[in-house]
Amino acid sequence: MTKLDVELSETEMHHLAEMCAMVLTILGQAMPDGGDSRAESWQRLCVALLKAARGVPSIGRHMEFNPDCGYWFFKRPYIDRAFYSDVLEDFRDNVFWAELVSRTAEQSLVENFGDEAVNMMSDEERAARVSTLEKALWNEVTHHGMERLLFMLPPEES
């Protein structure tokens, strides 16, 4: 395999180390069981890059060997204020709201028309109706959050 040399400034190496930490965090949550060779390849690369970053004093002082995962990673106080943590938090929030709106719209469609009627709709008609519901739900959660959403449980579950 051909090896390449890459020159990075200290700041660029710092950014790269945080990117690796973000990738490792996502892989750990999205694919906790491993088993995907592509994910394992990414993990090995990120671990190697973090190990290299550890050699830069301004980065290494924020790192420690994490026995739970078996490689060098950022210390908790650093993670709590790191840019990549902010990116992950924003991503989680966006995914949460998108999933909530999408699933609520789909559920509302089924509740209003019934499974059979929804299954008989064309993909285009179903998508158009869900889209209309999603727009209304996005408007609601954007302006009011969850405070005006109502979740009703069947009598046997309440």
Side-chain angles (χ1 to χ4, degrees), residues 1-111 115 118-119 123 126-127 130-131 133-135 137-138 140-142 144-147 149-154 156-158:
M1 175 190 297
T2 304
K3 297 228 178 209
L4 301 174
D5 289 325
V6 177
E7 289 188 33
L8 299 173
S9 70
E10 197 167 319
T11 300
E12 290 169 332
M13 188 64 189
H14 200 118
H15 293 326
L16 183 59
E18 281 202 25
M19 286 183 223
C20 289
M22 184 169 60
V23 167
L24 289 168
T25 301
I26 291 170
L27 286 175
Q29 291 176 1
M31 302 176 154
D33 298 333
D36 186 319
S37 63
R38 296 168 301 176
E40 290 170 5
S41 179
W42 280 30
Q43 182 178 5
R44 281 191 303 275
L45 176 60
C46 288
V47 168
L49 289 167
L50 283 174
K51 185 176 179 182
R54 186 179 129 251
V56 178
S58 66
I59 302 169
R61 72 173 181 255
H62 299 294
M63 299 179 81
E64 64 188 358
F65 186 79
N66 185 324
D68 294 334
C69 57
Y71 50 81
W72 288 86
F73 202 77
F74 289 109
K75 296 175 186 176
R76 175 54 52 194
Y78 180 84
I79 294 170
D80 291 341
R81 62 181 180 13
F83 175 67
Y84 88 90
S85 293
D86 294 340
V87 172
L88 283 173
E89 187 62 32
D90 288 348
F91 176 75
R92 288 179 185 123
D93 284 349
N94 288 332
V95 168
F96 169 79
W97 288 109
E99 281 293 311
L100 177 69
V101 166
S102 176
R103 290 178 186 215
T104 302
E106 290 171 9
Q107 180 70 28
S108 295
L109 188 67
V110 170
E111 287 175 2
D115 275 330
V118 170
N119 289 335
D123 290 342
R126 187 175 24 245
V130 166
S131 177
L133 289 166
E134 284 177 342
K135 286 176 188 170
L137 286 164
W138 269 119
E140 181 64 27
V141 297
T142 299
H144 304 286
M146 300 271 301
E147 61 191 58
L149 291 180
L150 174 67
F151 296 94
M152 296 177 62
L153 296 173
E156 65 272 7
E157 291 182 29
S158 55

State whether the number of non-hydrogen atoms from other residues, nucleotides or ligands found under 6.0 Å of [X] atom [atom1] is greater than 12.
X: F65; atom1: CZ; result: yes
X: R81; atom1: CZ; result: yes
X: K135; atom1: NZ; result: no
X: W97; atom1: CH2; result: yes

Query raised in the report: Can you find a pair of side-chain heavy atoms, one from R92 and one from Q29, that are under 4.5 Å apart?
Result: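 Touching, per the 4.5 Å side-chain cut-off.
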Query - Sub-4.5 Å side-chain heavy-atom contact between L137 and E134 - result: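 Counting from C-beta outward, L137 and E134 never come under 4.5 Å.
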Query raised in the report: Aromatic rings H14 and Y78: how do their planes relate, parallel, tilted or perpendicular, breaks at 30° and 60°?
Result: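 If you compare the ring of H14 with that of Y78, the planes turn out tilted.
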Query raised in the report: Using 30° and 60° as the class limits, which term best fits the ring planes of Y84 and F74: parallel, tilted or perpendicular?
Result: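 If you compare the ring of Y84 with that of F74, the planes turn out tilted.
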Could you state the interatomic distance from [atom1] ([X]) to [atom2] ([Y]), rounded to the nearest 0.5 Å?
X: I59; Y: T11; atom1: CD1; atom2: OG1; answer: 8.5 Å
X: D115; Y: L109; atom1: CG; atom2: CG; answer: 10.0 Å
X: F83; Y: D86; atom1: CZ; atom2: CG; answer: 7.0 Å
X: L24; Y: M19; atom1: CG; atom2: CE; answer: 13.5 Å
X: L49; Y: M13; atom1: CG; atom2: CE; answer: 6.0 Å
X: K75; Y: D80; atom1: NZ; atom2: CG; answer: 13.5 Å

Looking only at heavy atoms, which two atoms of [X] and [Y] are closest? And how far apart?
X: M31; Y: A39; answer: SD-CB, 3.5 Å
X: T104; Y: L100; answer: OG1-O, 2.6 Å
X: W72; Y: L50; answer: O-CD1, 3.6 Å
X: L133; Y: A105; answer: CD1-O, 3.4 Å

Query raised in the report: Got a sec, which residues hit side chain to side chain contact (heavy atoms under 4.5 Å, CB included) with V95, two or more places apart in sequence or on another chain?
Result: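 By the side chain to side chain contact (heavy atoms under 4.5 Å, CB included) rule, V95 matches F91, E99.
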Requested in this report: Please say which of T25, I26, L27 ends up in a side-chain contact (heavy atoms from CB on, under 4.5 Å) with V23.
Outcome: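 Testing V23 for a side-chain contact (heavy atoms from CB on, under 4.5 Å) against T25, I26, L27 leaves exactly one candidate, L27.
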Query - Pairs flagged by salt bridge (Lys or Arg N to Asp or Glu O under 4.0 Å) wherever residues 7-19 is involved - sequence neighbours left out - result: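 Not a single pair qualifies under salt bridge (Lys or Arg N to Asp or Glu O under 4.0 Å).
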Query raised in the report: For G35, does its backbone N or O pair with a side-chain atom of E40 as donor and acceptor, under 3.5 Å?
Result: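 Such a contact is found between E40 side chain and G35 backbone.
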